[in-house]
Amino acid sequence: MSYLALARKWRPQNFDDIVAQDHIVEILKNAIRLNRVSHAYLFAGPRGIGKTTTARVLAKALNCKESFSPAPCLKCGNCLQIKEGSSLDVLEIDGASNRGIDQIRDLRENVKLKPAQSRFKIYIIDEVHMLTEAAFNALLKTLEEPPEHVKFIFATTQPNKVPVTILSRCQRFDFKPFSITAIKEKLIDILTQEKIDFEPEAVLMIAESAGGSLRDGESLLDQLICVAKGGKLKVDMVKDFLGVIETTVLYDLTQSLIKSDVNKSFTILDRLLSDGRDIPIIIESLLSYFRAVLHYKILCSTDFTVGTIAVDLDKVKEQSGQLSREELIFILELLSELQNRAKIVLSPRVLVEVGLLKICSRSKYQIVFNQFLDNDSKERRSVKERVLPLVKPKLQINTLIKKKVTKTSLSQNDNNFKKNDSELKSNNKALSFQEIEEVWRDVVGDLRDTKLYLASYLEGSKVKSFESDSIVVEVKIDFDFQRELIDENDNRRIIEDSISLKSGRKIRLKYLYSKVITVDNKKRIQEILKNPNIKKISKLFNAKVLKVIPRNDEV
């Protein structure tokens, strides 16, 4: 007799054998008991978690000759044929290789035929999301109103690719990945029945490496039994087979990264690669380890079996005190990015070395978390808080319009900001057109120190008209996005507050836009484009020069 893989040999044959999917099994069993079985089901979830197996068990329960119940006999002809995949009335179709409209048309014709020897004709379509759009459309009518003797069971790993029109005609069940404990218990049960000796820690490592897929865990176990040559399944052989990094080595590597010891980090990395450890395994191990450190720092958790590693509690506790939360978040985000990029780059080792260097130099790359005020708080901010960063310390507010005086400290000027909006409105002093022009020039000049991009867009702008409470400014723009930035509420508010403060009265601002590229700016752009460095940058980023911003000493 030919060898049967463990995943096939120990496949569940009834609902009671299906593990970790109790939420689905119970509903299906009740549907059979109450004779409320739907005409179409969609089983969704990752690979290797029991979708097709559950579909076969459901088919047995529906077509068992002995009884119509949640517990098929597993001995009758129908049960045995479904188990062997030879039943004429339970048809398993691979959606990846039978995805065209012609195959679905054949299916539509066949559903009209009554079952050969069973209650129902059952179609199990695996990876149904692979069907073409035309095939789905051809299936719609049959799926909505199938003959009474037909049941559909669809299985897919990507339910998001199944059209909504199909989903709405099915009862959907989402299968969950297996927990490490569930996989471990199932593997131990298999080893016990196969009469193979094992170390519990070895089985745990296999379960952790399965990634939530019982089938993957069983396949790994199948290979490792061959590695053990029929003998005892030991931790060392599992570590070698899976390429797991020793806990002590991993601790030394993480500690060198925490201490910013680049030389030692690179030395350990080189040793791991020389020992045959794959870069994805190294990144995954570091990611799991630092995740454990973060968990301890936040939760003080004592369960540190993560990924394929088992970390030492005392050492993790020690390292959690050497890193801040922000540093740990930075490290985990960096390692996650490395994990994704390492799959597509040609030189993953270089990528990892750069990543380790960044971790060692994390103080330079530290993420800065800025706290932004919400809209309501922005409205409540006083004129002082909004305009203080814009006003040059050397300007006396109460005499700004008449003249500029010698440098004055911020503490002396601070009293001038105590005017509120009502005080500004009550100032009846008349301003001449020349004075408001000077105010506008000062406002634009102040912006060069705080919002250079905004100042560059307002360069060359002119005051067109001025009334007691409003000013109209003409602005020449090159592109529409400049107008959007100038008109942003925050930018407009800052400029209006600055004008009001400098003029001593509340003034509203209006813009007149003219889309013009000046000859002077064209010449500047042409001159800059002759620079070979600019040419290289433009070619590298597929960019072009839009505007030349003069230096402060040129204004």
Notebook entry, point to check: Is Gln158 atom CD crowded by more than 12 heavy atoms from other residues, nucleotides or ligands, each under 6.0 Å away?
Noted result: yes
Notebook entry, point to check: Going by atom types alone, do Glu327 and Gln322 pair a side-chain donor with an acceptor below 3.5 Å?
Noted result: no
Margin query: Counting only heavy atoms from other residues, nucleotides and ligands, does the tally under 6.0 Å from NZ of Lys83 exceed 12?
Written below: no
Checklist line | Ion pair check, Asp174 and Arg172, cut-off under 4.0 Å | finding: yes
Margin query: Would you say Glu185 and Thr181 are linked by a side-chain donor-acceptor pair, where the criterion is simply a distance under 3.5 Å?
Written below: no
Checklist line | Qualifying residue, where the test is side-chain contact (heavy atoms from CB on, under 4.5 Å) with Leu286 and the options are Leu334, Leu335, Leu338 | finding: Leu335
Next item on the list: Run the numbers on Trp10 and Glu194 for side chain to side chain donor-acceptor pair (under 3.5 Å), then give the verdict.
Entry: CA-CA 10 Å; Trp10 298 102; Glu194 290 284 334; 3.1 Å; yes
Notebook entry, point to check: More than 12 non-hydrogen atoms from neighbouring residues, nucleotides or ligands closer than 6.0 Å to NZ on Lys232, yes or no?
Noted result: yes
Next item on the list: Identify which one of Arg47, Lys51, Glu127 satisfies the side-chain hydrogen bond (donor to acceptor under 3.5 Å, both in side chains) criterion when paired with Thr157.
Entry: Glu127
Check: Does the distance from a Lys or Arg side-chain N to an Asp or Glu carboxylate O, for Arg56 and Glu92, drop under 4.0 Å?
Finding: yes
Check: Are any side-chain N or O atoms of Asn14 and backbone N or O atoms of Asp16, one a donor and one an acceptor, separated by less than 3.5 Å?
Finding: yes
Note to self: Checking Gln21 against Thr54: is there a side-chain donor and acceptor pair closer than 3.5 Å?
What the structure shows: no
Note to self: Run Lys239 and Asp236 through salt bridge (charged side-chain N to carboxylate O under 4.0 Å, His left out) and show every step you take.
What the structure shows: CA-CA 5 Å; Lys239 283 184 177 180; Asp236 291 341; 5.3 Å; no
Note to self: If only side-chain N and O atoms count, and only distance matters, is there a donor-acceptor pair under 3.5 Å linking Lys65 with Gln117?
What the structure shows: no
Check: Which heavy atom of Gly48 sits nearest a heavy atom of Phe178, and at what distance?
Finding: O-CE1, 4.1 Å
Check: Is there a side-chain contact between Ile279 and Leu273, using heavy atoms and a 4.5 Å cut-off?
Finding: yes
